[in-house]
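Shown next, in structure tokens, is the structure this report addresses.
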Number of protein chains: 2
Amino acid sequence: MFFIFSNIACESGDFIATDLLRKVSNLARSDTRFREAYNRLLDYCETLQPGDALPAENELSALANVSRTVVRRCLARLEDCEVILWQGREKRILRKPASADRLELPTTRAPADDLEQRFLDWILKFDVPAETPLSVAELSRMFDVPQHELKEFLAGLSRFGLVARRPRGGWILRGFTRDFAIELSEFRSVLEIDAIRKVADLPVDHPIWPTLEDLRMQHLDLKARIDSDYHEFSKIDETFHQAINSVVRNRFVEEFQKVISLIFHYHYLWNKADEKDRNAAAIEEHLAIVEALEARDADAACRAAVKHLKTSKTTLLSSLRHHDLG
Amino acid sequence: MFFIFSNIACESGDFIATDLLRKVSNLARSDTRFREAYNRLLDYCETLQPGDALPAENELSALANVSRTVVRRCLARLEDCEVILWQGREKRILRKPASADRLELPTTRAPADDLEQRFLDWILKFDVPAETPLSVAELSRMFDVPQHELKEFLAGLSRFGLVARRPRGGWILRGFTRDFAIELSEFRSVLEIDAIRKVADLPVDHPIWPTLEDLRMQHLDLKARIDSDYHEFSKIDETFHQAINSVVRNRFVEEFQKVISLIFHYHYLWNKADEKDRNAAAIEEHLAIVEALEARDADAACRAAVKHLKTSKTTLLSSLRHHDLG
DNA sequence: CAGTATGACTTTTATTATAAAAAACACATA
DNA sequence: TATGTGTTTTTTATAATAAAAGTCATACTG
């Protein structure tokens with residue numbers, strides 16, 4: 001189709017008709033990239049004066065961060081709209097672009113990165129039971145995300161054993177069974193004990209130490225007013241574990257921590273039984289870890305951490321039992 | 001279309017034409033399930049005599065392990081081929097099916113489960129460098145797997161940080177950089193030290209002990225003839241680490257071990273520098289671990305394991321350097 | 001005449017469209 | 001009332017396809 005422009009660009013009126021009047025039709029792929037590039041080129045044109053020459057296509061493509069193919073599509077349209085004159089390598093500004101020249105962009109959807117958070121949120125909030133069949137079509141509507149994106153997402157989750165392919169197509173939530181909770185807890189323990197050991201070995205000028213001291217103060221502060229403010233612990237808990245794990249710079253660990261922390265966070269929030277006592281006990285356990293670390297006693301810190309993680313696991317499991325009964 | 005059969009099933013000759021003569025056309029989805037079900041129903045028909053009645057659609061669908069929709073499609077064809085008479089719930093065998101009645105099945109492709117193995121194989125065998133763009137189209141041809149399957153596969157691998165999405169679409173191999181090797185080694189160490197600790201705690205009647213004793217013997221045997229047979233170590237090494245890790249029944253650990261062991265295995269195979277010395281040293285290290293374990297000395301076993309894993313890491317890194325230089 | 005820019009073409013990717021299969025629904029029959 | 005069938009709706013797997021990227025040969029320019 002582009003051959004139309006190659007030599008007699010200024011006469012290609014028939015292209016305008018098919019291009020501009022095209023309905024919001026069956027686009028196999030959105031042309032957002034083209035639209036954004038076009039607007040960016042309009043911006044650039046505004047910095048120039050009528051009669052000025054535009055740089056080479058390659059330069060423009062670098063400018064708009066798209067391929068030359070898109071740039072040429074943009075140039076074609078700029079010419080159709082009589083913003084520029086385009087003939088071979090002669091590209092001249094005809095007039096300053098008006099705001100009416102701009103192309104509308106589709107309303108941006110929630111970023112795909114957010115899908116994980118929202119999905120786990122949903123699973124945990126509604127306590128979707130294990131072995132629930134997951135309908136890609138339904139989830140797609142629910143989260144307003146194209147089906148193929150969801151399938152890729154689920155394929156990723158299957159690597160964590162959270163979901164699995166069903167024998168006859170589709171997916172199921174392998175979900176939050178007792179085994180899953182145990183294995184998750186144990187995996188978490190392995191990673192976190194290692195983190196603790198690494199913290200204990202860090203030099204005195206490492207930023208973790210002021211952070212830990214600050215956390216110790218926060219724990220003491222909350223401990224003093226635990227009777228009324230015990231629900232604040234959930235937040236401190238997350239910060240604490242995040243701080244400990246932050247010293248492990250490892251892509252594999254990081255990937256898992258995201259999932260782990262979310263799951264534990266939620267389950268703690270819901271297990272309301274004995275919440276005050278549990279939190280008070282957890283504060284003591286955290287303090288024991290911090291104090292052992294500050295004393296650079298790695299072994300004591302590990303023992304304290306093992307104890308705390310064991311409590312965590314028990315709490316997680318009891319929260320499951322609670323759910324099963326209710 | 002099915003309304004044709006509802007009442008005047010025996011006269012629906014025009015359906016036969018469109019159905020049977022249909023070319024290998026644009027199937028949006030393969031009808032393998034239908035074909036398999038059809039053949040299975042033929043098998044079933046063979047067990048009956050002309051004049052016998054077929055059971056309810058539901059029963060047949062349970063028999064062929066497909067939905068009723070497929071069963072009805074099969075019944076329609078059986079009728080078209082005059083194997084049965086079908087009118088409402090009246091379904092009678094007309095004749096024994098012949099081998100010519102069977103539907104051909106598409107030649108089965110390599111199982112998708114195999115894709116991971118083949119992909120990692122390719123990466124490692126050809127030493128595909130980090131930051132290489134991965135073309136789904138190309139890989140799809142290369143591994144003879146539909147594109148969408150590859151995309152799901154890559155999405156899964158991205159969870160391990162092995163590949164990543166490119167900003168402007170497509171994928172890249174984040175691949176085997178120095179950082180990746182370090183992080184992988186460290187992650188492996190964390191998991192394996194934990195496994196060692198678990199082994200040391202196992203009761204005397206656990207099957208791991210005879211396995212370890214057998215491994216010890218194999219190591220001693222190889223040690224005696226190391227000068228000539230040092231290349232045999234690679235296999236023993238894999239068996240050894242697999243045995244140790246097998247005691248950890250954890251879905252997260254298992255998922256990672258698959259990838260880890262493959263990567264280490266290959267890299268050891270290629271690093272030919274000082275192979276004999278390295279393997280001789282590794283045998284000693286393995287023996288130290290096994291002996292400490294058999295003595296139930298957990299701490300000594302861990303120390304030995306830490307030492308061995310450190311050597312492993314060094315070897316892996318030096319094998320990278322080697323590659324960089326060559 | 002070397003190096004860059006362009007025009008035409010090829011390949012790849014993202015996304016939609018759609019046949020096959022499953023599931024749901026609504027009668028009919030026994 | 002319970003089960004079986006005919007029909008419709010929904011979902012899934014896969015192919016088709018426009019947009020975008022990439023490639024190559026040629027043309028122009030300094």
Side-chain angles (χ1 to χ4, degrees), chain A residues 1-7 9 22 25-35 37 54-61 64-76 86-91 133-141 146-152 165-166 168-171, chain B residues 1-7 9 22 25-37 55-61 64-76 86-91 133-141 146-152 165-166 168-171:
Chain A
M1 193 189 266
F2 287 131
F3 68 92
I4 297 177
F5 316 116
S6 55
N7 293 314
R22 179 159 54 187
S25 59
N26 309 340
L27 296 177
R29 183 176 172 168
S30 78
D31 61 350
T32 314
R33 165 151 280 142
F34 160 69
R35 288 162 178 276
L54 284 163
E57 290 173 9
N58 260 324
E59 209 165 312
L60 292 173
S61 77
N65 199 32
V66 291
S67 72
R68 257 186 67 219
T69 307
V70 177
V71 166
R72 302 189 100 234
R73 210 141 92 75
C74 291
L75 289 174
W86 183 28
Q87 211 158 1
R89 39 191 85 181
E90 179 87 0
K91 297 184 286 287
L134 297 174
S135 150
V136 170
E138 196 181 323
L139 294 174
S140 162
R141 284 191 299 268
Q147 292 202 8
H148 59 95
E149 218 167 279
L150 251 158
K151 282 203 268 189
E152 287 184 19
R165 244 177 235 293
R166 270 197 304 178
R168 307 241 229 109
W171 300 84
Chain B
M1 193 189 265
F2 287 133
F3 68 93
I4 296 177
F5 315 116
S6 55
N7 293 316
R22 178 160 54 187
S25 58
N26 309 341
L27 296 178
R29 184 176 171 167
S30 78
D31 61 351
T32 313
R33 165 150 280 143
F34 159 70
R35 287 161 178 275
E36 279 175 355
E57 292 173 8
N58 261 324
E59 209 166 311
L60 292 173
S61 77
N65 199 33
V66 293
S67 72
R68 255 187 69 219
T69 309
V70 176
V71 167
R72 304 190 98 233
R73 210 140 91 74
C74 291
L75 289 174
W86 183 28
Q87 213 158 359
R89 39 190 84 184
E90 179 86 359
K91 297 185 284 286
L134 297 174
S135 151
V136 171
E138 197 182 321
L139 293 174
S140 162
R141 284 193 299 268
Q147 292 202 7
H148 59 96
E149 216 168 280
L150 252 157
K151 283 204 266 188
E152 286 184 19
R165 245 176 233 295
R166 271 197 305 178
R168 310 239 228 108
W171 300 85

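Lettering follows sequence order; numbering is per chain, from 1.
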If you round to the nearest 0.5 Å, how far is CG of Leu150(A) from CG of Leu134(A)?
9.5 Å

Nearest-nucleotide 5' precedence on DNA chain D, Ala137(A) against Glu57(B):
Glu57(B)

Atom CZ of Arg73(B) and atom P of dT7(D): how far apart are they, to the nearest Å?
17 Å

Please state how far atom NZ in Lys151(B) lies from atom P in dT15(C), giving the value in whole angstrom units.
8 Å

Donor-acceptor pair, side chain of Arg35(A) and main chain of Ser30(A), under 3.5 angstrom:
no

Would you indicate, yes or no, if dT13(C) has its OP1 or OP2 atom less than 4.0 angstrom from a side-chain nitrogen or oxygen of Ser135(B)?
yes

Working to the nearest 0.5 angstrom, can you tell me the gap between Gln147(A) CD and Ser135(A) OG?
7.5 Å

For Leu139(A), which contact category applies under a 4.0 Å heavy-atom criterion: base, sugar-phosphate, or nothing?
nothing

Protein-nucleotide distance (Asp31(B), atom CG; dT18(C), atom C1'), rounded to Å
14 Å

Write down the distance between CD (Gln147(B)) and P (dT13(C)), rounded to a whole number of angstrom.
7 Å

With a 4.0 Å cut-off on heavy atoms, is Leu75(A) in touch with a base, just the backbone sugar-phosphate, or nothing at all?
nothing

What's the separation between atom CD in Glu152(A) and atom CD in Glu149(A), rounded to the nearest 0.5 Å?
7.5 Å

Can you measure Gln87(A) atom CD to dG7(C) atom P for me and round it to whole angstrom units?
10 Å

How close or far is atom C1' of dA23(C) from atom CD of Glu138(A), stated in whole angstroms?
13 Å

Do side-chain atoms of Arg72(B) reach the backbone of Glu57(B) as a donor and acceptor pair under 3.5 angstrom?
no

Using OP1 and OP2 only, check whether a side-chain N or O of Arg89(B) sits under 4.0 Å from dT3(D).
no

Sugar-phosphate, base or nothing in reach of Arg165(A), heavy atoms under 4.0 Å:
nothing

How many Å lie between NZ on Lys91(A) and C1' on dT6(C), as a whole number?
8 Å

May I ask you to verify if any side-chain N or O of Arg72(A) is less than 4.0 angstrom from the OP1 or OP2 atom of dT6(C)?
no

Would you give the length of the straight line joining atom SG of Cys74(A) to atom CZ of Arg68(A), rounded to the nearest 0.5 angstrom?
13.0 Å

Could you go through Glu36(B) and Val66(B), starting from their C-alpha distance and side-chain angles, then the distance that decides it, and tell me whether this counts as side chain to side chain contact (heavy atoms under 4.5 Å, CB included)?
CA-CA 10 Å; Glu36(B) 279 175 355; Val66(B) 293; over 6 Å; no

Here's a test of your reading of the structure: between Gly169(B) and Asn58(A), which maps to the more 5' nucleotide of DNA chain C?
Asn58(A)

note: His148(A), atom NE2; dA17(C), atom P; distance rounded to Å ~ 12 Å

List, with names and distances, any nitrogen or oxygen atoms from the protein found under 3.5 Å away from nitrogen or oxygen atoms belonging to nucleotides 21-25 of chain D.
{"from": "dA21(D)", "atom 1": "OP1", "to": "Arg33(A)", "atom 2": "NE", "distance (Å)": "3.4"}
{"from": "dA21(D)", "atom 1": "OP1", "to": "Arg33(A)", "atom 2": "NH1", "distance (Å)": "3.3"}
{"from": "dA21(D)", "atom 1": "OP1", "to": "Arg168(B)", "atom 2": "NH1", "distance (Å)": "2.8"}
{"from": "dA21(D)", "atom 1": "OP2", "to": "Ser67(A)", "atom 2": "N", "distance (Å)": "2.7"}
{"from": "dA21(D)", "atom 1": "OP2", "to": "Ser67(A)", "atom 2": "OG", "distance (Å)": "2.8"}
{"from": "dA21(D)", "atom 1": "N7", "to": "Thr69(A)", "atom 2": "OG1", "distance (Å)": "2.6"}
{"from": "dG22(D)", "atom 1": "O6", "to": "Thr69(A)", "atom 2": "OG1", "distance (Å)": "3.4"}

